[in-house]
Amino acid sequence: MLQCIFLLSDSGEVMLEKQLTGHRVDRSICDWFWDHVISQGDSFKSQPVIASPTHYLFQVVREGITFLACTQVEMPPLMGIEFLCRVSDVLSGYLGGLNEDVIKDNFVIVYELLDEMIDNGFPLTTEANILREMIAPPNIVSKVLSVVTGNSSNVSDTLPGATGSCIPWRAAEPKYANNEVYVDLVEEMDAVINREGALVKCEVYGEVRVNSHLSGLPDLTLSFANPSILDDVRFHPCVRFRPWESHQVLSFVPPDGEFKLMSYRIKKLKSTPLYVKPQLTSDAGKCRVNVLVGIRNDPGKTIDSITLEFQLPPCILSADLNSNHGTVNILGNKICSWTIGRIPKDKTPSLSGTLLLETELERLHVFPTFRVGFRIMGVALSGLQIDKLDLKTAPSRLYKGFRALTRAGEFEVRS
């Protein structure tokens with residue numbers, strides 16, 4: 001049972017407080033939490049469950065906003081973490097993103113959503129489709145009406161039809177002139193390459209996203225050509241587990257609109273699409289930098305939106321860096337950002353220049369880590385392939401489509 005939820009900004013300010021039970025949680029718990037964040041840094045913020053002197057804390061960070069829940073009783077930790085993830089997803093969908101200004105501009109909506117999503121500390125209604133029928137998403141018209149009429153409530157007077165249904169994630173009997181269902185494979189590659197150029201870690205986190213606009217009560221089955229490569233799968237509640245357990249087939253009645261059908265992880269990949277070769281040599285108070293970026297394994301599709309970033313060490317007084325392709329910028333927080341775009345066919349992109357060290361230093365002793373970004377449309381680097389998508393009792397005119405996208409996640413090259 002959760003007792004309180006706080007929303008904190010990236011500066012530690014309490015933007016929103018929601019007491020869930022009769023036992024009031026004092027705001028001083030947020031001060032204790034933020035003091036530890038400042039003293040311990042990212043290692044503390046990466047802990048989903050924290051034991052304070054008086055409470056157990058659950059935290060989820062999304063777009064710089066920290067969702068913090070408190071309890072003093074024994075409860076399953078995953079329930080608290082999953083509920084905070086649902087809250088962040090619902091708010092992001094309602095408000096079109098998450099940031100401090102958006103939450104402050106929509107306090108009423110946020111409180112109304114929390115009132116419906118949790119009751120006396122226990123999760124109640126967390127399906128976005130039902131919530132959208134109960135509480136209208138904010139728009140310009142509703143804001144103007146609330147100013148004119150003085151009524152700021154967005155809560156509907158009628159109960160949604162799907163509330164008592166065995167498939168609460170789907171609106172009751174939607175109808176469409178065109179029946180469409182589209183499936184996207186979206187993958188992020190996490191990789192670590194050491195200073196010798198050896199691949200230490202390479203894995204892919206992926207999501208199967210579906211955009212469904214189907215009339216009635218459709219029953220879909222989605223199968224993969226090579227499901228055996230999947231690890232750590234996680235499903236939307238609409239997926240029937242028995243067909244997956246026996247035949248690795250996804251059988252489900254989809255929610256209406258966009259949703260994440262499943263997520264997965266594929267470990268121990270053998271190669272990356274790009275190589276990054278940094279060389280740093282220092283003496284006499286200067287450090288010479290040379291970085292090469294190129295294609296290691298051609299995925300068969302264009303690699304674009306290539307970027308390279310690294311944090312300049314604190315001992316660097318100034319930097320003079322140039323590239324033969326793209327643009328180089330030194331940001332105010334001493335981050336060097338190199339925007340490459342696409343790899344040209346006639347040359348290898350390179351970054352070169354010198355770094356000026358502090359006067360008492362002869363050599364550089366702290367070497368930066370290079371963070372790589374890229375995007376590849378039309379291919380899933382994990383090798384996962386969709387075999388077919390079938391619909392029982394298909395309408396006379398059904399449109400289906402498949403897409404794939406791979407982008408860089410935590411892609412690091414150490415120097």
Side-chain angles (χ1 to χ4, degrees), residues 1-8 16-21 23 25 29-30 32-33 36-37 40 42-94 98 110 113-131 166-169 186 188 190 203-209 230-242 244-245 250 252 255 259-267 409-410:
M1 180 178 69
L2 298 176
Q3 296 175 326
C4 186
I5 292 178
F6 297 99
L7 267 63
L8 309 179
L16 183 143
E17 172 187 341
K18 177 66 174 174
Q19 300 289 337
L20 305 175
T21 64
H23 175 80
V25 179
I29 191 68
C30 297
W32 179 92
F33 170 79
H36 283 70
V37 168
Q40 300 184 29
D42 293 339
S43 62
F44 189 79
K45 294 197 74 172
S46 64
Q47 300 176 30
V49 182
I50 302 162
S52 77
T54 56
H55 294 81
Y56 292 106
L57 306 179
F58 307 99
Q59 66 159 329
V60 170
V61 181
R62 294 287 187 274
E63 305 295 333
I65 306 298
T66 300
F67 294 80
L68 191 68
C70 309
T71 185
Q72 286 181 312
V73 300
E74 292 288 340
M75 62 173 288
L78 285 178
M79 186 181 81
I81 297 168
E82 177 64 21
F83 177 73
L84 292 181
C85 290
R86 290 288 185 97
V87 170
S88 67
D89 292 342
V90 168
L91 292 183
S92 180
Y94 258 79
L98 282 177
V110 175
L113 286 171
L114 289 176
D115 280 336
E116 301 297 339
M117 294 182 72
I118 192 165
D119 182 34
N120 198 34
F122 293 96
L124 184 62
T125 303
T126 60
E127 286 298 329
N129 280 318
I130 295 182
L131 290 170
C166 60
I167 48 172
W169 53 83
V186 181
E188 290 188 353
D190 299 336
E203 61 183 33
V204 161
Y205 170 80
E207 294 179 353
V208 180
R209 299 179 184 174
L230 296 174
D231 295 315
D232 302 335
V233 292
R234 181 185 178 205
F235 302 111
H236 187 278
C238 70
V239 175
R240 303 180 182 100
F241 187 65
R242 192 177 293 258
W244 174 264
E245 192 176 34
L250 296 175
F252 59 99
F259 68 100
K260 181 172 69 175
L261 179 65
M262 68 174 288
S263 63
Y264 59 88
R265 193 173 297 276
I266 298 176
K267 303 177 181 178
E410 296 293 327

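Computed from a prediction, not measured in an experiment: that's the story for all the values here.
- Closest heavy-atom contact between P77 and V49: CB-CG2, 4.0 Å.
- The side-chain contact (heavy atoms from CB on, under 4.5 Å) with K267 is formed by just one residue from the set V204, D190, D232; it is D232.
- Residues M117 and V87 meet the side-chain proximity criterion, which asks for heavy atoms closer than 4.5 Å.
- For E410, the CD atom is loosely surrounded, since the number of other residues' heavy atoms within 6.0 Å does not exceed 12.
- Nearest heavy-atom pair across F83 and I5 is CE2-CD1, 3.5 Å.
- In this structure, E245 does not pair ionically with R240, as no charged nitrogen and carboxylate oxygen lie closer than 4.0 Å.
- Once rounded to the nearest 0.5 Å, the distance linking CG of L57 with NE2 of H36 reads 10.0 Å.
- Minimum heavy-atom separation, A51 to W32: O-CH2, 4.0 Å.
- Atom CG of L8 and atom CZ of F33 lie 6.5 Å apart (nearest 0.5 Å).
- Using a 4.5 Å heavy-atom cutoff, the side chains of D115 and K18 are in contact.
- Across every non-hydrogen atom of L131 and Y94, the tightest pair is O-OH, 2.7 Å.
- Taking CZ from R86 and CD1 from I118, the interatomic distance works out to 13.0 Å, rounded to the nearest 0.5 Å.
- Considering every non-hydrogen atom in both M1 and T71, the closest pair reads O-OG1, 2.6 Å.
- The minimum heavy-atom distance linking V90 with T126 is given by the pair CG2-O, 4.1 Å.
- S263 has its side chain out of reach of F235: every pair of non-hydrogen atoms, C-beta onward, lies at least 4.5 Å apart.
- Rounding to the nearest 0.5 Å places CZ of F58 at 13.0 Å from CD of E82.
- In this structure, E74 and Y56 have side chains that are in contact, with non-hydrogen atoms separated by less than 4.5 Å.
- Using a 4.5 Å heavy-atom cutoff, the side chains of D231 and Y264 are not in contact.
- Salt-bridge formation is not detected for the pair K260/D89: no Lys NZ or Arg NE/NH1/NH2 atom is positioned less than 4.0 Å from an Asp or Glu carboxylate oxygen.
- Each of T66, L68, L84 was compared with V60 under the side-chain contact (heavy atoms from CB on, under 4.5 Å) criterion, and only L84 meets it.
- Considering CD of Q3 and OG1 of T21, their distance stands at 5.0 Å, rounded to 0.5 Å.
- The aromatic rings of W169 and H236 sit perpendicular, their planes meeting at an angle over 60°, well past the 30° parallel limit.
- Remark: Q59 CD to C70 SG distance equals 11.0 Å, nearest 0.5 Å.
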Chi angles and distances behind the side-chain contact (heavy atoms from CB on, under 4.5 Å) call for Q72, V25: CA-CA 10 Å; Q72 286 181 312; V25 179; over 6 Å; no
